[in-house]
Amino acid sequence: MSSSGPAQSEYVTLVSGDGFEFIIPRSAACVSGTIRRMLDPSTKFSEALSGRCVFENLSGVVLERVCEYFCYNDKNKNQTNVPDMDIPPELCLELLMAADYLDT
């Protein structure tokens, strides 16, 4: 077995500003252009080395929904007629701002 570091791990850890951690598949997280660039080994960002992305400006509640979307999107990417995710109205604005920030 080769000695692959965290940068090659199948999973990444996304951390909210209030300390909640979400471990999701790298393929799902890379739906986000921002996360994909953070994890690109050629950038030599600390996130690329550690496989851990901290988002100080996102709450745990919002990041949880973002992670759910990433996994939902990854699971259903090759399917048609996929039902929309239910989004609580009180989170809509924050999720739109997070989607813009994460280039999703």
Side-chain angles (χ1 to χ4, degrees):
M1 183 180 276
S2 68
S3 61
S4 61
Q8 289 79 36
S9 174
E10 182 182 348
Y11 295 92
V12 296
T13 303
L14 306 182
V15 183
S16 68
D18 49 358
F20 290 93
E21 297 187 5
F22 303 92
I23 300 170
I24 65 171
R26 179 179 293 265
S27 61
C30 286
V31 166
S32 161
T34 301
I35 294 173
R36 184 173 49 253
R37 288 185 291 278
M38 291 169 83
L39 296 173
D40 182 353
S42 68
T43 63
K44 302 217 182 341
F45 289 145
S46 64
E47 292 87 359
L49 301 173
S50 68
R52 180 181 172 89
C53 302
V54 178
F55 298 101
E56 292 293 334
N57 56 340
L58 297 180
S59 69
V61 172
V62 171
L63 188 56
E64 179 180 27
R65 293 303 297 210
V66 167
C67 290
E68 286 176 18
Y69 168 75
F70 288 162
C71 293
Y72 186 80
N73 183 57
D74 195 46
K75 175 184 168 190
N76 296 299
K77 64 184 169 194
N78 296 322
Q79 298 184 25
T80 57
N81 300 323
V82 177
D84 292 334
M85 286 182 59
D86 289 326
I87 305 294
E90 62 273 10
L91 289 180
C92 285
L93 180 59
E94 288 182 87
L95 287 170
L96 280 172
M97 292 187 319
D100 182 56
Y101 173 72
L102 293 171
D103 189 21
T104 302

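These numbers were taken from a predicted model, which means no experiment stands behind them.
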Phe45: partners by side-chain contact (heavy atoms from CB on, under 4.5 Å), with sequence neighbours left out: Thr43, Glu47
Has Asn73 got a side-chain atom pairing as donor or acceptor with Tyr69's backbone, closer than 3.5 angstrom? no
Residue pairs passing the side chain to side chain donor-acceptor pair (under 3.5 Å) test with at least one member in residues 78-103, sequence neighbours excluded, are Arg37-Asp103
Tell me, please, which residues at least two apart from Cys30 pass side-chain contact (heavy atoms from CB on, under 4.5 Å). Arg26, Arg36, Leu39
Tell me the closest heavy-atom pair linking Phe70 and Ser32, and the distance in Å. CZ-CB, 3.7 Å
Going by the rule side-chain contact (heavy atoms from CB on, under 4.5 Å), which residues pair with Ser16 if we only count those two or more places apart in sequence or in a different chain? Asp18, Phe20, Leu63
CG on Leu91 to CG on Leu96, rounded to 0.5 Å: 11.0 Å
Qualifying salt bridge (charged side-chain N to carboxylate O under 4.0 Å, His left out) pairs, either residue in residues 58-69, two or more places apart: Arg65-Glu68
Option among Leu14, Ile35, Thr13 that satisfies the side chain to side chain contact (heavy atoms under 4.5 Å, CB included) test with Ile24: Leu14
Any link between Leu102 and Tyr72 through a network of hydrophobic side chains (Ile, Leu, Val, Met, Phe, Trp, Tyr) touching at under 4.5 Å? yes
The criterion is side-chain contact (heavy atoms from CB on, under 4.5 Å); which residues satisfy it with Ala98, sequence neighbours excluded? Leu58, Val62, Val66
Can you hop from Met97 to Met85 via hydrophobic side chains spaced under 4.5 Å? no
